[in-house]
Trainee: 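I'd like to ask some things about the structure below.
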Amino acid sequence: MPARVLHWFRTDLRLHDAPALLKGLELKPEVFFPVWTWDPYFNFECPVGPNRYKFLTESMKEIDKKLSKMGNKLHVFRAAPADLFPVLFKQWNITHLVYEKDPAPYAIERDESIKKLAKDANVEVLDITGHTLYDIDAIVEKQKGKTITSATAFKAAAKDMKIERPLQAPKDVPKADDLKLDAIKKEVKKVKSDHDVNEEHRKGKMTAYDSVTGPKDSLEPPSLEELGLDSEDATTQIPGGEDEALRRLDKWIKDKDATATFRKPQTSPSEYDPPATTQLSPYIKFGALGVREFYWRVVDLMENYDGETSSEPENLPGQLIFREMYFAAQLGIGKPFGQIRGNKICRVIDWKLCNAYDEDGEKIFPRPKGSKEDEEALEKWKHGNTGFPWVDAAMRQLKQEGWMHHLARHCVAGFLTRGQLYISWERGAEVFDRYLVDQDPASNAGNWMWLSCSAFFHQYYRNYGMTTFPSKYDKTGKLVRKYVPELKEYPDKYIYKPWEAPEDVQKKAGCKIGKDYPEPMIDEKEANKECMARMKEQYAKKLYGDSLLKRKAK
DNA sequence: TGATTGTTGAGCCA
DNA sequence: TGGCTCAACAATCA
């Protein structure tokens, strides 16, 4: 029987280096259906703001355009995968479902349920590695229950595995068949949700789920307005799409010295136009850039480089290894990786504003409020009104651009958690989830555990200074002048500590501290001293997230 | 058991 | 700019 293939696009919005896509085409299908489904889980249960929606829909539209040129299209439905696929299998007489493996806990659970539904419908499933350099399943399998928590351990586990070369983009894809939309509309359950964690972004009515096929059966990606968002709020300057991803990679690779001698800790978090790092993370996250394409372009260049190259983990390939390491850790821990409760590698620390759970271990919605003081502190941090210009610049950059340099992420995460405010990393990770265009559950939660000394990293006595650290890279306060324009006219001497500027300097700069820009919300040094003492106490208890489950079972 | 290592601290000194 | 010390964690290895 000739194959009738359904290709499920998820985090693989590209045609180059697309092993799953090519696997489907290898079956020489008589019909080929590229499908995306707009999963309510990501819309109502995951924090996500307008910038990431913009980036995602731009990337989707580009794939649609490319498929259209080949006489096909990206068929965008608006339904939960488990509701949609059985109907598509039946209506389209599908023989094979093909997709790229996604190593996130939700994705694994979702894909397992789809595999069962496919089996019932006599559909063969092909899930192919392509989002990661290594097959993370195989790495974790090898560990026999021991969770990977360092790059060294990851490298050791991956020692005998090889990283495949990227594949060429297909020149052609077969056509789809009659879509039978009327039957599909009749049979697929309409999306309903009783809660929405993204209410704060919605300015209008969400109409995206009014029909499973989109307005006028168009099967187009939803506009921001259909999601109830205001496109004016999507202020990121990072455009989505595979072409842009490859253009940016080309441009970066052209600078052989920068590529071959890249050392992450030495790149300045103050640079923004262009940034000191590649800023390819959003493209890798949505698969607009194939991670193996990136890896091999860099490694080939480094191997032919005339001069001394930088080494792992600081160099570019090393950065990708950290991403893989977090995927492996996440896969080892499963669902609790994004939280403290039940997370056996994560320290229990008496943070303020920790997640709250009900008797069944489900997150309580709406979230119970903490003390007024703590809630206000979190809000100040979230919106860049802490009174520390470096923190505020970075947080405002995050909100505006959906991106922040890795070392700035270190500073603001340290400030929120073990450094100054002593607020749970879970809350910080949630804000990053909301605003980052490159948000990934493994890297984000992993890095927050790292920075808060909850896992991966433990030297809690090493702290970032909100004045000292940025000065090391840039004494002129470039990033502050860009994102905290109130302080634009301040002399370099006071740019990271404007509260120390004498009154006449403040007046001349046109910004009075306490009136036009906030006073620092805490005494940095004093708060840090208290935090360190508390960390020491908490560390001595040697409690991890799984202990919270045991205690409850008693 | 003790030494070494761990991508990315600050403060001080020369 | 480079090296030492501050106070001192966890994992690994000999």
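Proteins come first, then strands; the chains are lettered A, B, ... in the order of their sequence lines, and each starts at number 1.
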Trainee: Would you call A:Arg427 and A:Asp374 a salt bridge, taking side-chain N to carboxylate O under 4.0 Å as the test?
Mentor: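 A salt bridge is absent here (no side-chain N lies under 4.0 Å from a carboxylate O).
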Trainee: Roughly, in whole Å, what's the span from NE2 in A:His458 to P in C:dA8?
Mentor: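 My rounded result for the distance is 17 Å.
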Trainee: Can you see which heavy atom on A:His458 is nearest to which on A:Ala455, and at what distance?
Mentor: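 Answer, listing the atom of A:His458 first, then A:Ala455: CE1-C, 4.5 Å.
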Trainee: Salt bridge check, A:Lys482 against A:Asp273: does any charged N sit closer than 4.0 Å to a carboxylate O?
Mentor: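 The answer is no: the pair does not qualify as a salt bridge.
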Trainee: Rounded to the nearest angstrom, tell me the gap between atom CE in A:Met449 and atom C1' in C:dC9.
Mentor: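 Answer to the nearest Å: 18 Å.
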Trainee: Between A:Arg367 and A:Glu430, is there a side-chain N and carboxylate O pair less than 4.0 Å apart?
Mentor: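 A salt bridge links A:Arg367 with A:Glu430.
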Trainee: What's A:Phe469 touching, base or sugar-phosphate or nothing? Going by heavy atoms closer than 4.0 Å.
Mentor: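 Sugar-phosphate contact only.
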Trainee: Looking at B:dG6, I'd like to know if its phosphate oxygens (OP1 or OP2) sit under 4.0 Å from a side-chain N or O belonging to A:Ser150.
Mentor: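 Checking B:dG6 against A:Ser150, no side-chain N or O comes under 4.0 Å of OP1 or OP2.
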Trainee: Taking only side-chain nitrogens and oxygens of A:Lys541, does any of them come within less than 4.0 Å of OP1 or OP2 of C:dC9?
Mentor: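 So the side chain of A:Lys541 is outside the cut-off, no N or O lying under 4.0 Å from OP1 or OP2 of C:dC9.
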Trainee: Verify the contact: side-chain N or O of A:Lys536 to OP1 or OP2 of C:dA8, cut-off strictly under 4.0 Å; return yes or no.
Mentor: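 So the side-chain polar atoms of A:Lys536 do come within 4.0 Å of the phosphate oxygens OP1 or OP2 of C:dA8, strictly under.
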Trainee: Whole Å only: how far is the CD atom of A:Gln143 from the C1' atom of C:dA11?
Mentor: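 Going from CD in A:Gln143 over to C1' in C:dA11 covers 14 Å.
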Trainee: Touch check for A:Gly318, heavy atoms < 4.0 angstrom, all strands: base, sugar-phosphate only, or nothing?
Mentor: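 Nothing, no nucleic acid heavy atom in range.
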Trainee: Expressed as a whole number of Å, how far does the P atom of B:dC13 sit from that of C:dA7?
Mentor: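 16 Å, rounded to whole Å.
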Trainee: Which nucleotide, if any, forms a Watson-Crick or G-U wobble pair with B:dT5, using both distances under 3.5 Å?
Mentor: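 Answer to the pairing question: C:dA10, which forms a Watson-Crick or G-U pair with B:dT5.
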Trainee: Considering every strand shown, what is the Watson-Crick or G-U wobble mate of B:dC13 when both distances are under 3.5 Å?
Mentor: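 Its partner is C:dG2 (Watson-Crick or G-U wobble, both distances under 3.5 Å).
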Trainee: State whether A:Lys525 places a side-chain N or O below 4.0 Å from either non-bridging phosphate oxygen (OP1 or OP2) of B:dG11.
Mentor: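 Yes, within the criterion.
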Trainee: Between B:dT5 and C:dA8, how far apart are the C1' atoms? Round to whole Å, please.
Mentor: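 One C1' to the other, the span is 15 Å.
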Trainee: Does A:Tyr460 stack onto the base of C:dC9, taking stacking as ring centres under 5.5 Å apart and planes under 30° apart?
Mentor: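 Per 5.5 Å and 30° rule: no stacking.
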Trainee: Between A:Glu312 (CD) and B:dT7 (P), how many Å, whole number?
Mentor: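 The answer, rounded to whole Å, is 11 Å.
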Trainee: Which whole-number value in Å describes the distance from A:Lys529 NZ to C:dA7 C1'?
Mentor: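 In whole Å, C:dA7 C1' lies 14 Å from A:Lys529 NZ.
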Trainee: Quick check for you: among C:dT12, B:dT8, B:dG11, whose closest atom lies nearest to any side-chain atom of A:Thr468?
Mentor: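 It is B:dG11.
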Trainee: What is the distance, to the nearest angstrom, from the OH atom on A:Tyr464 to the C1' atom on B:dG11?
Mentor: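 These atoms are roughly 17 Å apart.
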Trainee: Is there a side-chain contact between A:Lys472 and the phosphate of B:dT8, meaning an N or O under 4.0 Å from OP1 or OP2?
Mentor: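 No, A:Lys472 has no side-chain N/O under 4.0 Å of OP1/OP2 on B:dT8.
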Trainee: Is the Lys NZ or Arg CZ of A:Arg248 less than 6.0 Å from the centre of A:Tyr283's six-membered ring, within 45° of the axis?
Mentor: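 The answer is no, since A:Arg248 fails at least one limit relative to A:Tyr283.
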Trainee: Under 4.0 angstrom, heavy atoms only, what part of the nucleic acid is A:Gln319 near: base, sugar-phosphate, or nothing?
Mentor: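 A:Gln319: base contact, heavy atoms under 4.0 Å.
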Trainee: What integer distance in Å separates A:Tyr544:OH from C:dC9:P?
Mentor: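 Taking atom P of C:dC9 as the reference, OH of A:Tyr544 is at 12 Å.
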Trainee: Report the residue (A:Lys542 or A:Arg462) whose heavy-atom-nearest nucleotide on DNA chain C is the more 5′ of the two.
Mentor: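 Going by which nucleotide is closer to the 5' end, it is A:Arg462.
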Trainee: Rounded to the Å, how far apart are A:Asn463 CG and C:dC6 P?
Mentor: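 From A:Asn463 CG to C:dC6 P: 18 Å.
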Trainee: Does this structure show an ion pair linking A:Asp111 with A:Lys101, if we count only N-O contacts that are shorter than 4.0 Å?
Mentor: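 Salt bridge: no.
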